[in-house]
Amino acid sequence: MKTINLHNKTFEIFIPETEISAIVHSLATAINNSGVEKPLFIAVLNGSFLFAADIMRKITIPNAEISFIKLASYQGTQSTGTVNELISLTQNLKGRNIIILEDIIDTGNTLEKIIELFQNKELASFKTATLLYKPDAYKKGIPIDYIGKSIPNDFVVGYGLDYEEIGRNLPHIYKLKN
Ligand code: IMP
Ligand code: MG
């Protein structure tokens, strides 16, 4: 089993690059086939930067746009429960079809904060797409529209996801080895 060390922890390979690519492709296909017009994708930095870059190249909807927000809730391998907005949107969202791009939905605290940010903006529609989802950690009732892969409640790194800011550049997704 291929393992790597980040800071003081050992991680083992969990979702290889080829599988990630297939997951991203199937999410893009679902969105392309949804009939949404002129969508404005909003990628949630930092974790979703690779996912956003890869899925956008597979979106074939005319006049699709992308923008970014930056939120943070994690410290080390634990969610802190409070979500801070570090970079916010400046454009007018009225009448727009928003599709959120998240790397992972864990407790749902970040998603709840995002929904708060997009409330009262007179959007035409609001959907969420996440590469990974941890159903056993999810504490909110908010439905998630597009889920790439549901995973157990393990801490994962790679493909944009970090452990104390490192590991984002790894092409595969690894999980913490017990
Ligand atoms: P939530 O607010 O608990 O749903 O967590 C969402 C954010 O926490 C994600 O966008 C990630 O940035 C981070 N996160 C959650 N789980 C993990 C993980 O297993 N590895 C790395 N980051 C994670
Ligand atoms: Mg994130």
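The structure displayed is predicted, hence computed values, not measured ones. The chain is numbered in sequence order, starting from 1. In listed order, ligands and their atoms are each counted from 1.
Annotation for ligand 1: atoms under 4.0 Å from non-hydrogen atoms of Glu102 are 10 (O). The Asp103 neighbourhood of ligand 1 comprises atoms 9 (C), 10 (O), 11 (C), 12 (O), with distances under 4.0 Å to a heavy atom of that residue. For ligand 1, the atoms lying closer than 4.0 Å to a non-hydrogen atom of Asn109 are 2 (O), 4 (O). Remark: ligand 1 atoms within the under-4.0 Å shell around heavy atoms of Asp154 are 19 (O). Here is the list of ligand 1 atoms found below 4.0 Å of a heavy atom in Asp162: 21 (C).
With atom 18 (C) of ligand 1 as the reference point, the heavy atom nearest to it among Phe155, Tyr133, Tyr138 is part of Phe155. When the options Leu161, Val156, Leu176 are ranked by their closest heavy atom to atom 20 (N) of ligand 1, first place goes to Val156.
Shown here is Glu19, whose CD atom has more than 12 heavy atoms of other residues, nucleotides or ligands within 6.0 Å.
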Q: Could you walk me through whether Leu50 and Asp103 pass side-chain contact (heavy atoms from CB on, under 4.5 Å), step by step?
A: CA-CA 9 Å; Leu50 289 180; Asp103 49 353; over 6 Å; no
(Q) Working note: Phe51 + Tyr159, criterion ring pair (Phe, Tyr, Trp, His ring centres under 6.0 Å); need CA distance, chi angles, decisive distance, verdict. (A) CA-CA 7 Å; Phe51 171 48; Tyr159 194 71; 7.2 Å; no
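Residues Glu102 and Leu131 are not in side-chain contact: their nearest non-hydrogen atoms beyond the backbone lie 4.5 Å or more apart. You'll find the side chain of Arg168 reaches within 4.5 Å of the side chain of Phe49, heavy atoms only.
When every heavy atom of Gly95 is checked against every heavy atom of Ala124, the shortest pair comes out as O-CB, 3.3 Å.
Close to ligand 1: Lys134, with a non-hydrogen atom less than 4.0 angstrom away.
Checked against salt bridge (Lys or Arg N to Asp or Glu O under 4.0 Å), Glu65 has the following partners two or more places apart in sequence or in another chain: Lys38, Arg96.
Where the criterion is an N or O separation shorter than 3.5 Å, residue side chain and backbone included, Gly108 meets it with respect to ligand 1.
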